[in-house]
Amino acid sequence: MKNKIKSDFPIFQQEVNGHPLAFLDSAASAQKPKVIIDVMTTAMTDYYANIHRGLYTFSQQSTAQYENARHKVAEFIGAEDNEIVFTRNATEAINLVAASWGADNLYPDDEILISELEHHANIVPWQMIAQKTGAKIVVAPIDDNGNLTAQSISDNLSSKTKIVALCHMSNAIGTIIPIEEITKTIREKSDAKILLDGCQSVVHEHIHVKDLDCDFFVFSAHKLYGPSGIGILYGKYGILESMPPYQGGGDMIDTVTYQLSTYDLPPARFEAGTPAIIEAIGLGAAIDYINSFDREALLKTEHDIYRFAEDQLNTIEGLTTYHKAENHSTILSFNINGIHASDIGVMLDKEGVAVRVGHHCAMPLMERLGITATVRASFGIYNDEKDVHQFIGALRKIKTLFS
């Protein structure tokens, strides 16, 4: 099955620096199968037109495909169609919630609870709205192994907490938080809204937003083997309906006069202007592609490859690892004593292995861990044991060169 999956992705038909490509940076952005590229090409060459406004054939066809993509997303995460808002990416989705819901619901001394695991995208938007409203950022700590517990969240909840915004799975160290336990704790102790950054978890976990009982859930298409330039905001419909528009313009209005405008219902209210039509259709195709497999078997195989890589990595002397939480997956974050992370990344590339090095848009987390950067290898559905052997063999060669 793994060879068949890899053959679906055109990028693996080439070599890098004379070596097969071992792509281990899917946590940043995943590769794209040909079927998705073809669907997007067809949309541009065979029936492209703007949506929602035209009465002619191509416009109607583009509109149907765009809205069908919304339906596919809703089914994929267990939501309703009118709870799915298309955004540019997950970052914009969080900014939308912060700027729209936050501006209407946060007041001086209110609290926004995040954790030490967060990506900058789930920190900076809250800082910006806190500065405007007088609200305060509260940070729930992790333990030394990178675990975020329900007790840590509980200890930092208060009557002033208005929203809890957490990553479901850390992009930097792979921690998967115990979200059911955390959500239950929040609901028992607080009326705070809950936002989950699902950029990593939506790829590697079964997501059902109703079971998670979150108020908002965000993710990006490009990590889900789809195109860049489009993301998803799920919001409970009653909350979305209460929120003012994030941007103004065409297609989000009900009526417009020079003095006053009234706004459409969600999700249209939050999709001003011409959207990413082709990208939405590509996201729908990505979901179709994922659903074409036995998802349980797919996730198990992916998990098995990851655990094999983790075991192999642990045989290399001089490593310090940071993916040590009780529940972690698909991300190996480490350093090698005496070798800078950037040097490792450059030298791995010479061996055809693509990894990410740096702070992974999680500078506060790096500070908490007492480091400035890590090497991060992350896995997708196209990775196999050959990739792992190529990766580990390259690391051993690097260690020899620096010894």
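Reckoned from all heavy atoms, side chains included, excluding hydrogens, waters and symmetry mates.
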Indicate whether any N or O donor in one side chain lies under 3.5 Å from an N or O acceptor in the other, for [X] and [Y].
X: His222; Y: Ser29; answer: yes
X: Thr274; Y: Asn50; answer: yes
X: Ser333; Y: Thr374; answer: yes
X: Ser190; Y: Thr161; answer: no
X: His204; Y: Glu302; answer: yes
X: Tyr306; Y: Asn383; answer: no
X: His168; Y: Ser201; answer: yes

Salt-bridge contact [X]-[Y] (side-chain N to carboxylate O under 4.0 Å):
X: Lys210; Y: Glu80; answer: no
X: Lys72; Y: Asp81; answer: no
X: Asp144; Y: Arg368; answer: yes
X: Arg307; Y: Asp311; answer: no
X: Lys160; Y: Asp191; answer: no
X: Lys136; Y: Asp110; answer: no
X: Glu188; Y: Lys184; answer: yes
X: Glu111; Y: Lys162; answer: no

Problem set entry | Cation-pi geometry met for Lys6 and Tyr382 (6.0 Å, 45°) | no

Donor-acceptor pair, [X] side chain versus [Y] backbone, under 3.5 Å?
X: Asn89; Y: Thr91; answer: yes
X: Asp215; Y: Ile194; answer: yes
X: Asn314; Y: Glu310; answer: yes
X: Glu118; Y: Cys167; answer: yes

For this session: Using the side chain to side chain donor-acceptor pair (under 3.5 Å) rule, take Lys189 and Ser154 through it: C-alpha gap first, then chi angles, then the decisive distance, then the call.
Result: CA-CA 8 Å; Lys189 293 193 62 174; Ser154 179; 3.0 Å; yes

For this session: Please round to the nearest 0.5 Å and tell me the distance separating atom CG of Leu113 and atom CD1 of Ile186.
Result: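 So the gap between those two atoms works out to 7.0 Å.
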
For this session: Go through His359 and His120 one step at a time and tell me if the ring-ring contact (aromatic ring centres under 6.0 Å, His included) criterion holds.
Result: CA-CA 10 Å; His359 54 64; His120 296 165; 5.6 Å; yes

Exercise. Are Phe308 and His389 close enough, and set up right, to give a ring-ring contact (aromatic ring centres under 6.0 Å, His included), and what steps lead you there?
Worked result: CA-CA 10 Å; Phe308 174 67; His389 288 303; 5.4 Å; yes

Exercise. So Phe86 and Tyr66, ring-ring contact (aromatic ring centres under 6.0 Å, His included) or not? Walk me through it.
Worked result: CA-CA 10 Å; Phe86 287 127; Tyr66 179 84; 5.0 Å; yes

